[in-house]
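Each remark here refers to the structure printed beneath this line.
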Amino acid sequence: MNNLKLFSEVSLSLKLQSRSEALRFSAFDVERNRMFFVSADNFVYTTNLSSFHDKGAWSKISLPTNVDTIDLEPGDLITSFDYIMEKEALVVGTSNGLLLLHNVESSTTEVVGKVEGGVKCISPSPDGELLGIITGFGQILIMTHDWDLLNETTLEDPTEGFDVNEAFMPDRFEYPLCWRGDGKYFATINNIFSPTPSLKKLKIWERDSGVMHASSEPKAFAGTVLDWMSSGAKIACVYEKKSENECPSIVFFERNGLERSRFSINEEAGAEVKFLKWNCSSDLLAGVVRCENYDTVKIWLFSNNHWYLKQEIRYIKQDEARFMWNPTKPLQLICWTLGGQVTVHNFVWVTAVMQNSTSLVIDGCNIHVTPLSLSLMPPPMYFFSLKFPSPVREMACYRNSKHQLGAFTSDGRLCVVELPAVETWEELEGKEFNVEASSTEMMLGSTLHLLWLDSHTLLSVSHYGFSHSGYFSQSSSHEGALQGFYLQEIELICSEDLVPGLLTFSGWHAKVSKRSSLEELVIGVGPNPASEHSAYLQFAGGKILEYISKLGLSAGSLEQEFQSFSSPCPCMSAVQVSIGGASRPLLFGLDEIGRLHANGGIVCNNCSSFSFYSNLADEVITHLILATKQDLLFVVDIVDICNGELDLKYGNFINVGSTKKEESRSYINIWERGAKIVGVLHGDEAAVILQTTRGNLECIYPRKLVLLSIINSLVQKRFRDALLMVRRHRIDFNVIVDYCGWVAFSQSASEFVRQVNNLSYITEFVCAIRNENIIEKLYKDHVSIPCQEASKGTQVGDPQHCSGDNKVSFVLMAVRKALEDDLPESPARELCILTTLARSEPPLLEDALKRIKTIREMELSGADDQRKGSSPSAEEALKHLSWLADSDAVYEAALGLYDVNLAAIVALNAQRDPKEFLPFLQELERMPILLMQYNIDLRLKRFEKALRHIALAGDGYYDDCMTLMKKNHQLFPLGLQLFTDPSKRMPILEAWGDHLFDEKCFEDAATIYLSCHSLEKALKSYRAYNNWSGVLTVAGLLNMGNDEILRLANELCEELQALGKPGEAAKIALEYCGDVNCGLNLLISARDWEEALRVAFMHGREDLISAVKIASLECASTLVSEYEEGIEKVGKYLARYLAVRQRRLLLAAKLQSEERASSDLDDDTASEASSNFSGMSAYTTGTRRSSAASVSSSATSKARDSRRQRKRGKIRPGSPGEELALVEHLKGMPLTAEAMRELKSLLVVLVMFGEGETACKLQHTAENLQLSQMAAVRLAEDTMSSDIINEHAHTLENYTQKVKSEMGDSEAFSWRIKVFLSQFV
């Protein structure tokens, strides 16, 4: 599906020494990129290939050369000529048998040997180690470059009666010898001694031994044409078929001498193939064919078991054209003539698929047309074919309202075809149409580039004055005065009436309306998609100018530079894009080394092919499709190219590894190596067409393009198209609902049902709806922002409801309503409605069974109802429902309707054993209605309904109510509502309280016990959760005596002390027990210093006051020691943290430098030692990249987490978590609110006792601890977020001063007594 386009052609002439001199041989120096030519007069011409690439070289006439002379004896002729890179010299063979080594730099010639019979052929081996020579006596000499003979072999042993010297007379200059690409074998063609002189043999020889490896059968080989492709698969030869009055055939042999395949050159019977040569990549075969009136250079391509003629260049027969391929550039052909004109042809592969997905494949005189949107036919198959008068060299397609094709043929004529609309092409299938050349008064030159400006104007880049362009103008005298390249507009007029729907391939007249000379070489052209009468021209170097055709003027104008490329891009495309709502053209270009240029920069550095996709009706391009040399396919948003977000989203278009999941990858792996993108199918088709190296076509549907097409259909409210694409490509149906939100979809459900109008599709859609947002989860990496912006035009629901739990029920309810309102009644509609009920969450099985029950009642009534025929049978509906839902659930739902007969039918349809369900149903049928409903509710665990039904059954079932409530405690509130009689409510309340007591809800239980006057149980409940005030209050309600209350108070006091609540125990001791000593001691234990001192003074006892004083002083001393120890710990932990942090930063910097040094290595050879080491270090945040370290089971993770929980609070030096553990420990060292309250109370009491100095010291120590802890935490947080630790700034002293100045009057320091602050300022 590719065409070979000639994008650059530069022709220069060698200054020969005389008019009669003719070039004979050529050679190429790969190392210095220079060419050598030798003439029949023994002159050697040397020229650099770079001379053809110099700026302005194309406008010159002569080629800069160096001329040397090889002196030979009179009558001696040069018969072979080649370049030996190892010797940096030319090796020359002569008819007298001399072997000469000619050094071009020193202009010296050395005789290195002489062979008998003369030299017929010299051929160096591809590896440069050996030299193959064929002598005039039919000897094959294999020599080293030191001229040592390795072996000598005779081409053919002559039979008796033949003279060897006569058999190998020098009647021609060349005998062929060609090497296989690896140099292990070489092939020859030679005559055989037989009565039929035209028969020859192809022989394959081993290079080391000189033994014949294989030979072919005697065949009528034409001349000495022979070449072995570099890959070694085929040997190309030519069969002579003059005796059969047919043109020659090119035939291919294998190494074993067996014929593999052949094809005809499709020329006249008298044509001769003079030369054949493979290019360096072995994919193109070029040959010189001599016809009756001209010589032609043909280039063939083999693909999908067919040989295509991709290019033909014609020369005047007198020029006797020759050629050679550039050994390093597979698409550069160098042609030369005997008269010394050298032309460098540069080709590029361009896709044969046009923007409208129609392929136009050039094959000689034919263009094979295939609309890929109708039929995906791989070449050489085609839909229909257009046959032109001669092989097609260049073509252009006009893709607007008219489908027009312009083609320039190798004989210099222009042909025009107007095609009908693609929709009418079915009648053209399998046909071939002969296209007539357009009539013109003047020749059009040799056209290099061709494009349409509008439906009646072509723009061409043509040249005049070359040897092959001279062939075009040899019948015209006017064009003979033109020289060089010209930009010309060709106006087309059709003399025939155009009939819509039919091909128009004749009656066209062409004339050059505008012509202007070019000062620079044009290597690419492209029409301006945004404007007619405008085109873009790319000049050598990548400069791009816009050409604008001016009405009424004799020539168009080249405007300012437009988005130039940084290097020449032979493959160039101009497309129309929309950025920010504004349309503009955007140029893409692919250079020879695989760099894709666009928007003034390089999009991709390893691109192998690319195409464009549009999901819009106006053909505005929305996505770039590119394949890389790593065989990865990317779908790139045009917006990302214009916004410069390629590296972020596409990772420089390389495979960064397999760590990502399949769904989140931004590329597709192309399964066959070397496959290229040839085209796309736009719009809803959303397909990318690939062609493999074998030639067959593969059509893939990238998930991203498919989703974009679906979303585009949803935005345009084309629900049927969206649903069909979802089904075809197996996309999750939830996309249809989730993209615009299920609230908005529910509002459009009626339109959805009307458009789809297929109940099977709707049923399939209903069954797929789930309570999750697929766009945000499964397809979040494929749906791009532009498409989401496009959805703003739709009616989108509230986003906070779009992922709610009610999505399924809400959507299915809307679909069900639409089915009932918009579609006529039918069995299929009823089944679809049952599906919406069964698939709701939770399933609405009872509603579904009610509908089935209605159908069953209608069937039993036997009435001739019109609805009877519009509904399925009850049995069919039940089977459908049982298929959608669990049969047990359907059976239970039938029971829930309290319809025993329906339940029996459901059980039978579910194929249940009647012995299992029939006795139960019969028993239910014999019960009273309320008891039947009660038993059914119990079976279905609908306990609230069961309680209501049994409560209505009468007082005789009150015990059953109590039993039901005790087994299902959630029924107690309902029971209190159902029973209003106090005599029935009290047992319910007491049972509820017992349940709460058993559940250890003591406070609620006590309240309920009080409401039912069960005071003993209320007392027990209050005591169970240590509510001493409640206990003593209920004791008063029970009218307990003083002794009982005192005993109870002592017990409560002891219990509170045991629970660590000395403050509350002190209240009981003072208020109920009257024990002042015990109460005071408890207040001191609770560190309620002010209250203890108040009680001591209240009772006026000096011993108590003294006890308070002594305890307060001891507590102050203890706190001072603890606070000083805390300050020391803060400093120690902070110092350790800073050391660990500094070491981590140093090691991280070292690892980063090592990774940066190794990042230049190839992915396959880079060592992973540093990355693995980073996972082992306790001071780095890296992770191991090996699979063994990256995979862990959930059980291992849980065990590790549990160990961390047990070891929390411990700091292990050198462990990976030491740094964070130190910070967490520092954060856990502040003064608590309770400690601050106790500290302030202690300071006040010390002041009351006149211990100001002790109080001052205590406050100062506590303040230092609090400041140090806060400063250490802030310092640690600052250094964790920084990669640098400043030894002077990051100190505890500096941060302590900062915290002191910032937090001095904050709430955290409100415990301090201000009288002591002034002493430490």
Side-chain angles (χ1 to χ4, degrees), residues 805-806 808-809 812-813 834 837-854 856-857 878 881-882 884-907 909-910 912 916-996 999 1008:
D805 295 335
N806 295 326
V808 173
S809 298
L812 297 191
M813 181 179 66
L834 291 177
L837 293 169
R839 286 295 180 178
S840 297
E841 292 188 4
L844 302 177
L845 297 178
E846 292 189 2
D847 293 343
L849 287 170
K850 287 178 182 178
R851 300 182 72 96
I852 296 175
K853 184 178 180 181
T854 303
R856 178 171 166 268
E857 292 173 350
L878 272 176
L881 187 62
S882 300
L884 291 169
D886 180 57
S887 59
D888 294 336
V890 178
Y891 174 71
E892 292 177 356
L895 283 176
L897 294 177
Y898 310 116
D899 189 333
V900 178
N901 293 328
L902 182 61
I905 295 174
V906 171
N909 275 280
R912 285 193 169 199
E916 295 180 0
F917 67 87
L918 199 56
F920 172 69
L921 295 179
Q922 291 173 348
E923 182 181 357
L924 289 176
E925 195 172 16
R926 291 192 293 267
M927 292 180 182
I929 293 179
L930 290 174
L931 288 181
M932 179 191 71
Q933 293 173 342
Y934 167 72
N935 282 280
I936 290 175
D937 292 334
L938 282 182
R939 180 182 177 90
L940 301 181
K941 297 182 179 181
R942 300 190 303 193
F943 299 114
E944 289 189 5
K945 288 187 176 183
L947 182 60
R948 292 180 185 275
H949 289 141
I950 197 63
L952 294 173
D955 295 339
Y957 297 96
Y958 178 75
D959 293 339
D960 294 329
C961 292
M962 289 299 298
T963 303
L964 182 61
M965 285 186 286
K966 288 179 180 180
K967 291 182 178 179
N968 301 279
H969 311 103
Q970 72 276 11
L971 298 178
F972 282 117
L974 178 61
L976 293 174
Q977 295 177 15
L978 295 175
F979 296 98
T980 57
D981 187 358
S983 61
K984 295 180 180 179
R985 289 174 60 88
M986 293 304 172
I988 295 175
L989 287 170
E990 188 171 356
W992 193 5
D994 293 341
H995 164 68
L996 292 174
E999 294 292 324
I1008 291 176

Exercise. Check whether more than 12 heavy atoms from other residues, nucleotides or ligands sit under 6.0 Å from atom CD of Gln922, and answer yes or no.
Key: yes
Quiz item: In Å, rounded to the nearest 0.5 Å, how long is the span from CE of Met932 to NE2 of His949?
Solution: 9.0 Å
Self-check item: Check: Tyr957 ring centroid to Tyr934 ring centroid under 6.0 Å
Solution: no
Exercise. Take Asp994 and Lys966 through the salt bridge (Lys or Arg N to Asp or Glu O under 4.0 Å) test and state the conclusion after the steps.
Key: CA-CA 10 Å; Asp994 293 341; Lys966 288 179 180 180; over 6 Å; no
Quiz item: Any side-chain heavy-atom pair from Arg839 and Leu884 closer than 4.5 angstrom?
Solution: yes
Quiz prompt | Leu845 to Ala885 - nearest heavy-atom pair and separation | solution = CD2-CB, 3.8 Å
Quiz prompt | Verdict with supporting geometry, Asn935 and Glu923, side-chain contact (heavy atoms from CB on, under 4.5 Å) | solution = CA-CA 10 Å; Asn935 282 280; Glu923 182 181 357; over 6 Å; no
Quiz item: Would you find a donor on one side and an acceptor on the other, under 3.5 Å apart, between the side chain of Arg985 and the backbone of Thr980?
Solution: no
Quiz item: Between Leu849 and Leu878, is any pair of side-chain heavy atoms under 4.5 Å apart?
Solution: yes
Quiz item: Should Glu846 and Arg942 be marked as a salt bridge (Lys or Arg N to Asp or Glu O under 4.0 Å) after you check the CA-CA gap, both sets of side-chain angles, and the distance that decides it?
Solution: CA-CA 14 Å; Glu846 292 189 2; Arg942 300 190 303 193; 3.2 Å; yes
Practice problem: Go through the structure and list residues passing side-chain contact (heavy atoms from CB on, under 4.5 Å) with Ala903, not counting sequence neighbours. | Solution: Tyr891, Ala894, Leu895, Leu921
Quiz item: Would a 4.5 Å heavy-atom cut-off, applied to side chains only, mark Leu881 and Val906 as touching?
Solution: no
Quiz item: Should we say atom CD1 of Ile929 is surrounded by more than 12 heavy atoms from elsewhere, each under 6.0 Å from it?
Solution: no
Quiz item: Can you check whether Asn901's main-chain N or O pairs, donor with acceptor, with Asp899's side chain at less than 3.5 Å?
Solution: yes
Quiz prompt | Side chain proximity check, Leu931 to Leu924, heavy atoms < 4.5 angstrom | solution = no
Self-check item: Asp981 CG: over 12 foreign heavy atoms closer than 6.0 Å
Solution: yes
Quiz prompt | Close side-chain approach of Asn968 to Lys941, heavy-atom, < 4.5 Å | solution = no
